[in-house]
There are 2 protein chains.
Amino acid sequence: MSNKIYFTPGPTGLYPTVSQHIHKAIEDDVCAISHRSKKYEAIHQAAVENLKQLLELPSGFHVFFTGSATEIWDRTLENCVEESSFHLVNGSFSKRYYETALELNKKATCTEVPFGEGFDLSKIEVPKGVEMICLTHNETSSGVSLVVDDIKHIRKNNPEALIAVDSVSSVPYPKYDWGQIDTLLFSVQKGFGMPAGLGVWVVNDRCIEKSLQLQGKGRSIGSYHSLPSLLSKAKSHQTPETPNVLGIYLLAKVSGDMLHRGIANIRKETEQKAETLYAAIAKSPVLQPFVQNYEYRSKTVVVANTQVLPSDVNKLLSEGHMEVGSGYAKYKDTQLRIANFPGTSVEQVQKLADYLERL
Amino acid sequence: MSNKIYFTPGPTGLYPTVSQHIHKAIEDDVCAISHRSKKYEAIHQAAVENLKQLLELPSGFHVFFTGSATEIWDRTLENCVEESSFHLVNGSFSKRYYETALELNKKATCTEVPFGEGFDLSKIEVPKGVEMICLTHNETSSGVSLVVDDIKHIRKNNPEALIAVDSVSSVPYPKYDWGQIDTLLFSVQKGFGMPAGLGVWVVNDRCIEKSLQLQGKGRSIGSYHSLPSLLSKAKSHQTPETPNVLGIYLLAKVSGDMLHRGIANIRKETEQKAETLYAAIAKSPVLQPFVQNYEYRSKTVVVANTQVLPSDVNKLLSEGHMEVGSGYAKYKDTQLRIANFPGTSVEQVQKLADYLERL
């Protein structure tokens, strides 16, 4: 690994232990083992059990693996929505989830707010009869988060609907109340600091039941990555297809490392580092926080308007062997996106903050 | 890497150069780069161009990446079949391709022969009006191959249908006539000796046109991995989702190494090694080739009936730091499956053959 610290919102820099885990995996021939062998099953089981512990999942929840989080947008809709889904859209990724539903011929509807704004979840009006409500906890494009505790309002007002949460760029930071959520999706190249190419799909029994209902009606719920297919293989700690074995091995290791560090510590450090970053942005004469509502500001993807081109910011930061992300799409030249994932230390973030203050 | 040689049919042992390429990738922060950056685009382009050269693809063909070859079964059917597909079934994987079509609510039909038997492609009767004919070049479960040159009969007799070829466990060995094929799929943990978690999808313009037709009719052809979506991103050497960047990097490197070695040499060595293996099986008092028809015997996955339990064969082989695969599913205890991929040398195969002869 180079000595550069990546504060890019994903793919991001590797979690500090990943490089040594990859070397060990090669030494131990992890890539050569059969995905139907006991050796693979032990790896798969370790990854699932570590994640269940890290996310504090209660019984009745399952963990499945896919090729990407993008794939899981499809799979949630294919398996759990016969007719209609409803989406809260406040940025490019929540919008893409909504568009995916339309492309899959669902009757999808949405409530949209301008880029940089968030939602008061106690005031959301959901159309009647919607089967799934799709929320994006952390908008990687704009740096807006939902208030996790407020998901309960959505549940209370819509008890029949399934609630799906895209948590791609926030896991493992948020502490979810699993009574308020039915399915959660994320990928590993953000909060886990791993090589991209693996999606993680958390689902409860309500989702499984819904998929079986749709299947019973003769609706296609997909093939190898349908919920019944994933569940059937997961029972023996396997996947329907030949999976990203190295990715699952690394996830077992990194989630184990995070458990050792303690999820409470990770959450505390994330909040401390976010505070450091927002304070530096406030002090800098050329930066200002993009998200106006303090309550909706993301702790894991900090977005700032910048009067200095992001490429010039990165030229300066390269002296300190650091790099931040530029703004998303049309904000490429006018915003910075700074990842605040568990892979960077308090000291590294302080060093970045010192540079940002002096911009 | 351990010094063990894996003759398992996939995942198999790493191609000899993979370990050093992974080390270099970590050193160069390949896993940290953005999938929307110029650096990523250069890696993506190199992988596609090397594959096009290795497979000798003419213009009008495109190369896309997915999470697995299993995924591509879905995608071929979603994008190119409105009503009906037809499948040649002669083993567990060709059967699964057929079942996938049924799960996706296609009117799929098939012609099936017993496990271990093959097809005379000049005599296949295809139902009228079928939109896609799905062939499995190399049945990883049974060790039966199609005769590549005979695919022309399928084309000649069914000029309107698209022809899909599953070549999961044979690429890069077969020399295809691309005038006879519309789409080809494979994964990288077999012939390329790479970590699993990446599928490669080759499609021609006829497939793209068909997907656009279906889309125009209001049929869902999927979302991020529909052909129009993949094509649109591929034009700028990108993927719709955050892809397996490390996998695509390794594929660029390994296919580059194979080009350096020469595809003609790889083919010649594959045939020479297959001959060595079948000769050893013939000489062994406890082994016999499973596939009776010499013409249909796979060059890349050699299957033998064994009177010695595969686990006992592997105990003996472990003295020589080697391992072979056991039979598929119900043949687990009565057959060996020996991978003959480009990653093993003539000398290594000769050493294995010496052991097998003495069984």
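Letters A, B, ... are given to chains in the order of the sequence lines, protein chains preceding strands, and every chain is numbered from 1.
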Novice: Got a donor-acceptor contact below 3.5 angstrom from the B/T242 side chain to the A/A196 backbone?
Specialist: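 No; judged by distance alone, with no hydrogens or angles, the pair does not exist.
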Novice: Can you pull out the residues in residues 8-20 of chain B with any heavy atom less than 4.5 Å from chain A?
Specialist: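 When heavy atoms of chain A are the reference, residues 8-20 of chain B contributes B/T8, B/G10, B/P11, B/T12, B/G13, B/L14, B/S19 within the under-4.5 Å range.
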Novice: Looking at B/I33, B/T70, B/D28, which one has more heavy-atom pairs under 4.5 Å with chain A than the rest?
Specialist: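 Max contact count across the listed options: B/T70.
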Novice: For the candidates A/S229, A/A25, A/S220, A/G197, which exhibits the highest count of non-hydrogen atom pairs separated by less than 4.5 Å from chain B?
Specialist: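 The candidate making the most pairs under 4.5 Å is A/S220.
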Novice: In terms of heavy-atom proximity below 4.5 Å to chain A, should B/E71 be classed as side chain, backbone, both, or neither?
Specialist: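 For B/E71, the contact with chain A is made by backbone and side chain together.
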Novice: If every non-hydrogen atom of A/S223 is compared with every non-hydrogen atom of B/T100, which pair is closest and at what distance?
Specialist: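 Scanning both residues, the minimum pair turns out to be OG-CG2, 3.7 Å.
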Novice: Can you tell me if B/K4 has over 12 outside heavy atoms packed within less than 6.0 Å of its NZ?
Specialist: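 Above 12, so yes.
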Novice: Count the heavy-atom pairs under 4.5 Å between each of A/Y40, A/W73, A/Y224 and chain B, then report the option with the highest count.
Specialist: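 If we count pairs closer than 4.5 Å to chain B, A/Y224 comes out on top.
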Novice: Just jot down the side-chain contact (heavy atoms from CB on, under 4.5 Å) partners of A/E82, sequence neighbours excluded, or say none.
Specialist: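 Here the qualifying residues are A/E131, A/L214, A/K217, A/R219.
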Novice: Checking A/P243 against chain B: side chain, backbone, both or neither under 4.5 Å from a heavy atom?
Specialist: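 The backbone, not the side chain.
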Novice: Can you find a heavy atom in the side chain of A/E103 that is under 4.5 Å from one in the side chain of B/I221?
Specialist: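 Side-chain contact under 4.5 Å: no.
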Novice: For A/A108, enumerate each residue passing the side-chain contact (heavy atoms from CB on, under 4.5 Å) test, keeping only those at least two apart in sequence or located in another chain.
Specialist: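 For A/A108, the residues satisfying side-chain contact (heavy atoms from CB on, under 4.5 Å) (neighbours in sequence not counted) are A/S85, A/H87, A/Y98, A/A101, A/L102.
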Novice: Can you say whether A/L77 sits under 4.5 Å from chain B via the side chain, the backbone, both, or neither, judging by heavy atoms?
Specialist: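 A/L77 has no heavy atom closer than 4.5 Å to chain B.
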Novice: Could you list which of residues 336-345 of chain A have a heavy atom closer than 4.5 Å to any heavy atom of chain B, in residue-number order?
Specialist: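 Not one residue of residues 336-345 of chain A has a heavy atom under 4.5 Å from chain B.
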Novice: Identify which part of B/Y6 has an atom lying under 4.5 Å from any heavy atom of chain A, answering side chain, backbone, both or neither.
Specialist: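 Side chain of B/Y6 only, per the 4.5 Å heavy-atom cut-off to chain A.
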Novice: Would you mind telling me which of B/G222, B/G67, B/S34 has the largest number of heavy-atom pairs within less than 4.5 Å of chain A?
Specialist: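 Among B/G222, B/G67, B/S34, the one with the most close pairs to chain A is B/G222.
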Novice: Could you state the interatomic distance from CG (B/L246) to CG (A/L246), rounded to the nearest 0.5 Å?
Specialist: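 Separation between the atoms: 7.0 Å.
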Novice: Could you give me the CA-CA distance, side-chain angles and deciding distance for B/H23 and A/H23, then say whether side chain to side chain contact (heavy atoms under 4.5 Å, CB included) is met?
Specialist: CA-CA 8 Å; B/H23 290 155; A/H23 290 155; 3.1 Å; yes
Novice: Is chain B contacted by the side chain of A/I22, its backbone, both, or neither, given a heavy-atom distance below 4.5 Å?
Specialist: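 The side chain, not the backbone.
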Novice: In Å and rounded to the nearest 0.5 Å, what is the CD to OG distance from A/E241 to B/S187?
Specialist: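 Those atoms lie 10.5 Å apart.
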Novice: Please report the interatomic distance NE2(A/H225) to OG(B/S68), rounded to the nearest 0.5 Å.
Specialist: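 So the gap between those two atoms works out to 6.5 Å.
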Novice: Sub-3.5 Å donor-acceptor pair from the side chain of B/N105 to the main-chain atoms of A/G218, do we have one?
Specialist: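 Side chain of B/N105 to backbone of A/G218: a pair is present.
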